Q: 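Quick one: structure below, then a few questions.
From a predicted model like this one, the values you see are computed outputs, not experimental measurements.
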2 protein chains.
Amino acid sequence: MDRRQKKTRDAIFRAFIYLLSQKDFEHITVGNITDLADVGRATFYAHFETKDFLLKELCAELFCHIFDSMGKTNGHTHIFECDAPDSVFLHLFLHLQKNDNNILELLSCRNNGLFLEYFKKNLLKLAEDQLHLFESPKNKSVPRDFLVNHVASTFTETVRWWLDNGKKESPETITEYFLAVL
Amino acid sequence: MDRRQKKTRDAIFRAFIYLLSQKDFEHITVGNITDLADVGRATFYAHFETKDFLLKELCAELFCHIFDSMGKTNGHTHIFECDAPDSVFLHLFLHLQKNDNNILELLSCRNNGLFLEYFKKNLLKLAEDQLHLFESPKNKSVPRDFLVNHVASTFTETVRWWLDNGKKESPETITEYFLAVL
DNA sequence: ATTATACCGAACAATATGTTTTGTATCTTA
DNA sequence: TAAGATACAAAACATATTGTTCGGTATAAT
């Protein structure tokens, strides 16, 4: 990739992330981003179709970053390194905790549910493929569809709660809570 | 309330609801609404500060409509007619099923999570006050905060799943599923 | 060194927002 | 029913944002 492209791309992402810490996604304009990134507005449109695509790419990057560090993604299916169901969740919380810059918070906090929406949608895909890893320990007499959705929802909403409350609990503790109600 | 006010207010709501069935909330403009409602654009702003306030009022109306039909709201606390925990949920699903016009679907379906966000937020308030009605039958060794959030989340996400899948299950069945995983 | 291309700056039309003004119609109430 | 209040329409307004296009310049790859 052209060095110039990477530079402006990064600048746009940096500006976007900063702006997300200042205001809601809806109130950020393309002009805001390009001013801060110090690139022409036309350049933005050369890189991203719309603001929403920029967001989507950021979410995808964050999502991949989290899951790549705990397994390999071959094509469309993700192969986890750990096999024990509960250790999958613990690892997820561990990786969610140590996200360096606060991108995770910016995309998930009180007003912006953006990333978590993306998160759940993709978690759902994973859970459909590998329910055995995500499955609740208890036997539930409900349709598989419903159960898959429930596991993905409960995990996502637990993450949301955890983040909204300032990540006070340790990954171990929050995993414990999660498994207790699952 | 002035008869004229009520007329335009209703016209705006009607137009808004129709437009929600045609496109996403974000792509609806004030002009769209006032054109369809056949009122001046300035009139819109005399009634609603912004588009978002209109949405909020519609959500509030729908929420109240659902909960008023199964109890009384005194000030800020809601008193349910039924006392058995599980019958509260069944009644909720029953009331959610029989919403006449499809407002519920419009505000909750795949693309618009708008109402369900509002729904969860207010359900949370109710659950905090009257956890005994919403509590899971099982004893969970998790903090009260977490449990309250979990119950509200699980219910909301069950509703979302139910609506997204076309409300195929009867209220009784979906209540059963919900209680099975709670 | 040459060729390709990423970028800038500026301009562009099109659309949306939110406010203001003036005149008219309709309501309330006394 | 008459008088005063007010909700509304129509139109104009300044401002902001979007998405595209253009020629010129700088910086890449080879």
Q: Identify each atom pair where a protein N or O and an N or O of nucleotides 24-30 of chain C are less than 3.5 Å apart, giving names and distance.
A:
from: C/dT26; atom 1: O2; to: B/R4; atom 2: NH1; distance (Å): 2.9

Q: Roughly how far apart are A/Q97 CD and A/L163 CG, rounded to 0.5 Å?
A: 10.5 Å
Q: Would you sketch DNA chain C in dot-bracket for me? Only Watson-Crick or G-U wobble pairs with both distances under 3.5 Å count, crossing pairs as [ ], other-strand pairs as |, the rest as dots.
A: |||||||||||.|||||.||||||||||||
Q: Kindly write out the residues that satisfy salt bridge (charged side-chain N to carboxylate O under 4.0 Å, His left out) with B/K51, not counting sequence neighbours, or none if the list is empty.
A: none
Q: So, using side chain to side chain contact (heavy atoms under 4.5 Å, CB included) as the criterion, who are the partners of B/S153 when residues are at least two apart?
A: A/E157, B/K120, B/N149
Q: Applying side chain to side chain donor-acceptor pair (under 3.5 Å), can you list everything that pairs with B/T50, at least two apart in sequence or on another chain?
A: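 In terms of side chain to side chain donor-acceptor pair (under 3.5 Å), with neighbours along the sequence ignored, B/T50 is linked to no residue.
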Q: Take the angle between the ring planes of A/F93 and A/F155 and call it parallel below 30°, perpendicular above 60°, tilted in between.
A: tilted
Q: Return the orientation label for the B/F44 and B/F48 ring planes: parallel under 30°, perpendicular over 60°, tilted otherwise.
A: tilted
Q: Just jot down the salt bridge (charged side-chain N to carboxylate O under 4.0 Å, His left out) partners of A/K167, sequence neighbours excluded, or say none.
A: A/E105
Q: What class does the angle between the rings of A/H150 and A/F146 fall in, given that below 30° is parallel, 30 to 60° is tilted and above 60° is perpendicular?
A: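 Aromatic pair A/H150/A/F146 classed parallel.
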Q: List the atom pairs, donor and acceptor, that lie under 3.5 Å between side-chain atoms in residues 16-28 of chain B and the rest of the protein, sequence neighbours left out.
A:
from: B/S21; atom 1: OG; to: B/Y18; atom 2: O; distance (Å): 2.5
from: B/K23; atom 1: NZ; to: B/N32; atom 2: OD1; distance (Å): 3.1

Q: Which residue pairs pass the side chain to side chain donor-acceptor pair (under 3.5 Å) test with at least one member in residues 5-16 of chain B, sequence neighbours excluded?
A: B/K6-B/D10, B/T8-B/H47, B/R9-B/E57
Q: Report the distance from atom OG1 of B/T175 to atom CZ of B/F89, rounding to the nearest 0.5 Å.
A: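 Answer for the OG1-CZ pair, B/T175 versus B/F89, is 9.5 Å.
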Q: Between B/H27 and A/T8, which is nearer to the 5' end of DNA chain C once each is assigned its nearest nucleotide?
A: A/T8
Q: Measure CZ/A/R9 against P/C/dT5 and give the value in whole Å, please.
A: 19 Å
Q: Just to verify, what does B/D2 make a side chain to side chain donor-acceptor pair (under 3.5 Å) with, not counting sequence neighbours?
A: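 Listed in chain order: B/R4.
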Q: Name all residues meeting the ring-ring contact (aromatic ring centres under 6.0 Å, His included) criterion together with A/Y118; count only those two or more places apart in sequence or in a different chain, and write none if there are none.
A: A/F63
Q: For DNA chain D, which residues in residues 35-57 of chain A have a heavy atom at a distance below 4.0 Å?
A: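 Output list: A/R41, A/A42, A/Y45.
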Q: When you list every nucleotide of DNA chain D with an atom under 4.0 Å from a heavy atom of chain A, which one comes first 5' to 3', and which comes last?
A: D/dT17 to D/dA29
